[in-house]
Amino acid sequence: MNVSGLLGRFDLVYQGELLLRIVVAAVMGYLIGYERKNREKSAGMRTHSIVCMGAALIMIVSKYSFRDIPDYDASRVAAQIVSGVGFLGAGVIFIRNNAVSGLTTAAGIWATAGVGMAIGAGSYFIGISSGVLVVVIQMILHTASFLTAEPYRGFLKITTSDYEAVISELRQIFRREHIREVNVKITKNKSKDETKVEFDLLYPAKYEKNQLVYNLAKDGRIHGVSG
């Protein structure tokens with residue numbers, strides 16, 4: 001076999017190994033996304049798989065595709081992955097009623113890009129182990145929620161015609177249930193002799209807010225309640 005044939009075969013094996021990295025990264029991203037899909041999150045298998053595969057591809061291009069340029073800094077292209085994926089992760093974060101959701105999924109997408117970068121760089125053991133660790137952390141901490149339970153904020157809106165008595169009793173409930181009143185907005189409707197009160201509250205970790213709403217709805221003095 002001539003020299004060109006040997007070089008061509010070597011290049012084919014070399015390119016095949018790089019392709020293997022991309023495939024492995026796609027599989028790891030799929031596994032991370034599968035866990036997110038089972039939690040019914042906005043970013044699932046396709047998103048995580050493409051992010052991980054794309055990060056591996058960009059890492060390969062950054063590390064190996066500019067070797068013909070003297071003194072080329074291979075980190076310049078790869079460094080943009082971190083900031084680029086940050087914008088993607090921001091798309092799954094939502095703020096509703098002062099409650100933030102999607103942070104874990106956004107962090108997972110960012111970590112998935114890191115897994116792809118490691119595999120793209122040829123660090124199979126680090127990349128695969130990190131991908132498995134991401135899945136394990138999300139599964140364990142979701143199951144053992146007491147390890148990550150935190151106080152959370154939410155709104156409570158009521159409409160009543162007996163403002164003084166209802167608010168006094170409600171604040172007694174807040175003290176008893178260790179609910180902290182962050183802010184309050186009061187609007188009076190003189191034509192209907194009603195007062196609308198909007199509480200911005202900090203609930204204790206794992207507090208059942210819906211049960212509080214149900215109990216208040218049974219009070220005949222309260223004409224409307226939501227939270």
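Only heavy atoms go into these numbers, but all of them, side chains included; no hydrogens, no water, no symmetry mates.
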For the student: nearest non-hydrogen atoms of I81 and A55, plus distance: CD1-O, 3.6 Å
Gap separating the OG1 atom of T159 from the CD1 atom of I222, nearest 0.5 angstrom: 9.5 Å
Interatomic distance, I32 atom CD1 to I137 atom CD1 [nearest 0.5 angstrom]: 10.5 Å
Any donor-acceptor N/O pair, T195 side chain to Y163 backbone, under 3.5 Å: no
I179 to P204 - nearest heavy-atom pair and separation: CG1-CD, 4.0 Å
Side chain to side chain donor-acceptor pair (under 3.5 Å) contacts touching residues 175-188 (sequence neighbours left out): R171-E181
Heavy atoms from other residues, nucleotides or ligands near CZ of R221 exceed 12 (cutoff 6.0 Å): yes
Residue pair Q211 / N215, side-chain heavy-atom distance below 4.5 Å: yes
Where G29 and C52 come nearest, the two heavy atoms and their spacing: CA-CB, 3.7 Å
Shared hydrophobic cluster for V225 and V184 (ILVMFWY, side-chain gaps under 4.5 Å): yes
Single-linkage hydrophobic cluster V197~V182, side-chain heavy atoms < 4.5 angstrom: no
May I have the list of side-chain donor-acceptor pairs in residues 117-135 shorter than 3.5 Å, sequence neighbours left out?
from : atom 1 : to   : atom 2 : distance (Å)
Y124 : OH     : E17  : OE2    : 2.6
S129 : OG     : F125 : O      : 2.7
S130 : OG     : I126 : O      : 2.7

Same apolar cluster (I L V M F W Y, side chains within < 4.5 Å links), Y207/I158: yes
Rounded distance [0.5 Å steps], CG in L170 versus CG in L156: 6.0 Å
Sequence neighbours excluded, every pair satisfying ring pair (Phe, Tyr, Trp, His ring centres under 6.0 Å) that has a member inside residues 208-227: none
Any donor-acceptor pair under 3.5 Å from S49 side chain to A26 backbone: yes
Within-4.5 Å side-chain heavy-atom neighbours: L212 and Y203: yes
Which residues share a ring-ring contact (aromatic ring centres under 6.0 Å, His included) with F199, sequence neighbours left out: F174
Residues that Y30 engages under ring-ring contact (aromatic ring centres under 6.0 Å, His included), provided they are two or more places apart: none
L31 CG to M28 CE distance, which is reported to the nearest 0.5 Å: 5.5 Å
Cluster companions of I50 among Ile, Leu, Val, Met, Phe, Trp, Tyr (side-chain spacing under 4.5 Å): none
Any residue meeting side-chain contact (heavy atoms from CB on, under 4.5 Å) with I22, in chain and number order, not counting sequence neighbours: M53, L57, I60
Any residue meeting side-chain contact (heavy atoms from CB on, under 4.5 Å) with S168, in chain and number order, not counting sequence neighbours: Q172
Which residues share a side chain to side chain donor-acceptor pair (under 3.5 Å) with E198, sequence neighbours left out: none
Side chain to side chain, I167 and I186, heavy atoms closer than 4.5 Å: no
Qualifying salt bridge (charged side-chain N to carboxylate O under 4.0 Å, His left out) pairs with a residue from residues 110-124, counting only residues at least two apart or across chains: none
Candidate pair F155 and L201, rule side chain to side chain contact (heavy atoms under 4.5 Å, CB included), full reasoning: CA-CA 6 Å; F155 283 103; L201 303 173; over 6 Å; no
